[in-house]
Amino acid sequence: MSKPRILIPGIIRERVVDRLKEAFDIVRIDSADPSLVARSEAASVSGVAVSGRFDAAMIAHLPALEIIASFGVGYDGVDVSAATERGVVVTNTPDVLNDEVADTAIGLLLNTVRRFPQAEAWLREGRWQRDGAFPLSPLSLRGRKAGIYGLGRIGLAIARRLEGFGVDIAYHTRQPREGVPYTYHPSLMALAQAVDILIAIVPKTPETHRTIDADILQALGANGVLINVGRGWTVDEPALIAALRGGVIAAAGLDVFYDEPNVPDGLLDLPNVSLLPHVASASVATRDAMADLVADNLFAWFERGQAVTPVPETPFTRKSGQHPESLR
């Protein structure tokens, strides 16, 4: 029996390839470009492992496609609508990176409020010896109210970590969550008005595009701190730069940006921001766990006919005639 053929466009963690190479026929191309896959080869591709973009044109180019295993908890790079129309299941890698991203959110918050990166630079540059003690940080976590924009799995992990700091916690999602002790606000504006730390951890969707705008920042206030570990898409960056320059809010900590890896000079030039190059889940342990879940989804689909972590839009099982196979 021939092995299922898996297409891997572009760069993906090599652990994915190592897990799959014995059981599957792997086809690698430089990017998700239909012109890079001959029609004769495309006709036999039944699965995809991808980190990043996979659009409708690629889906249409693969007539036997059954599953797209996406590397990441966010899957906005995959055209899920096109996959749904074709009955193609899309999977992602939730949960395995929750703790890492939540830890990063807290670290970024502390760096932003207490200016620890600047303090370390002060020491490394010899200024402690030359100029004396590092200046007192103007901000503190004491007595603050934190608002979480997006109380999903990662948002909950952030909230539980914040409890240890003794801050009040509130949140906004489309619907209130049952069984959580945090204050719900029915709109992002209401949340911003009620808190002085706003932590964004929402996915990239049309509904979240630049929702953190000048009005939300104004509502957050002059003592306000914005932390974004979700998607840069969520923030109106020109409005944020203006707010930081003008004292509309006090500070911001960002791990994500609107046009990555391009970061506006207006942010780089500001002293009241802490910036990271989208590293929230970037540890060996977490990326290995993500790679394993990509592979596990492909094995489960072809062996049992059901993926481990299908996204909500594609809760499919293998169709009749697509028989489970012995791969290992």
Side-chain angles (χ1 to χ4, degrees), residues 1-94 203-206 260 287-288 290-328:
M1 182 181 296
S2 61
K3 299 176 181 179
R5 176 164 284 179
I6 304 297
L7 177 69
I8 302 180
I11 297 171
I12 201 166
R13 191 159 182 80
E14 282 302 307
R15 187 181 180 95
V16 175
V17 181
D18 291 341
R19 288 280 313 279
L20 298 178
K21 62 186 179 183
E22 296 301 324
F24 296 93
D25 176 20
I26 305 296
V27 177
R28 303 195 73 168
I29 57 176
D30 290 339
S31 64
D33 181 345
S35 68
L36 299 179
V37 189
R39 283 285 180 187
S40 57
E41 192 169 58
S44 59
V45 170
S46 52
V48 167
V50 63
S51 178
R53 185 181 66 88
F54 204 83
D55 63 17
M58 281 299 303
I59 294 170
H61 190 63
L62 306 174
L65 184 62
E66 300 176 26
I67 179 171
I68 302 169
S70 180
F71 183 97
V73 63
Y75 50 95
D76 44 85
V78 178
D79 193 322
V80 178
S81 295
T84 302
E85 290 177 8
R86 278 273 308 278
V88 173
V89 68
V90 177
T91 70
N92 65 339
T93 60
K204 181 179 179 180
T205 68
E260 296 178 5
R287 292 294 171 86
D288 280 351
M290 293 166 65
D292 284 339
L293 190 47
V294 169
D296 289 344
N297 270 298
L298 290 165
F299 277 114
W301 181 259
F302 289 102
E303 290 182 337
R304 301 194 300 272
Q306 190 163 2
V308 180
T309 54
V311 302
E313 299 92 329
T314 63
F316 307 140
T317 56
R318 286 192 97 195
K319 300 171 185 175
S320 59
Q322 296 174 323
H323 300 293
E325 303 169 42
S326 177
L327 300 175
R328 292 177 285 190

- Task: Look up atom CG in D296 and atom CG in L20, then write down how far apart they are to the nearest 0.5 Å.
- Result: 9.5 Å
- Query: Partners of D33 by salt bridge (charged side-chain N to carboxylate O under 4.0 Å, His left out), sequence neighbours excluded?
  - Reply: none
- Query: When you measure from the side chain of R53 to the backbone N and O of A32, does any donor-acceptor pair fall under 3.5 Å?
  - Reply: yes
- A49 to P9 - nearest heavy-atom pair and separation: O-CD, 3.4 Å
- Query: Which heavy atom of M58 sits nearest a heavy atom of P34, and at what distance?
  - Reply: SD-N, 3.2 Å
- Which heavy atom in A23 sits nearest to a heavy atom in P4, and how many Å separate them? O-CD, 3.9 Å
- Only counting residues at least two apart or in another chain, list the ones meeting side chain to side chain donor-acceptor pair (under 3.5 Å) with E14. R28
- Item | salt bridge (Lys or Arg N to Asp or Glu O under 4.0 Å) partner of E66, the single match among R318, K319, R86 | R318
- Picking from T91, I59, N92, V80, what satisfies side-chain contact (heavy atoms from CB on, under 4.5 Å) with I68? I59
- Query: Under 4.5 Å between any side-chain heavy atoms of I67 and P310, yes or no?
  - Reply: no
- Item | By side chain to side chain donor-acceptor pair (under 3.5 Å) - contacts of E313 (at least two apart) | Y75
- Message: Does any part of the side chain of T314, heavy atoms only, come nearer than 4.5 Å to the side chain of V88, both counted from C-beta?
- Response: no
- Message: Quick check: closest heavy atoms across L298 and A69, and the distance to 0.1 Å?
- Response: CG-CB, 4.0 Å
- Sorted by first residue and then second, give each ring pair (Phe, Tyr, Trp, His ring centres under 6.0 Å) pair with at least one member in residues 7-50; sequence neighbours left out. F24-F299, F24-F302
- Item | Pair D25 + K3: basic N to acidic O under 4.0 Å | no
- Item | Pairing residues for D292 by the salt bridge (charged side-chain N to carboxylate O under 4.0 Å, His left out) criterion, not counting sequence neighbours | R15, R19
- Item | Considering all heavy atoms, the nearest P63-A42 contact | CD-O, 3.8 Å
- Message: Treating D79 as the side-chain partner and D55 as the backbone partner, does any N or O pair qualify as donor plus acceptor under 3.5 Å?
- Response: no
- Using ring pair (Phe, Tyr, Trp, His ring centres under 6.0 Å) as the criterion, list what pairs up with F71, not counting sequence neighbours. none
- Query: Under the 3.5 angstrom rule, does the side chain of N297 hit a backbone N or O of T309 as a donor-acceptor pair?
  - Reply: yes
- Query: Counting N and O atoms only, with roles assigned by atom type, does the side chain of S46 sit under 3.5 Å from a partner on the main chain of L65, one being a donor and the other an acceptor?
  - Reply: no
- Query: What do the steps show when you test F316 against T84 for side-chain contact (heavy atoms from CB on, under 4.5 Å), and what is the final call?
  - Reply: CA-CA 9 Å; F316 307 140; T84 302; 4.2 Å; yes
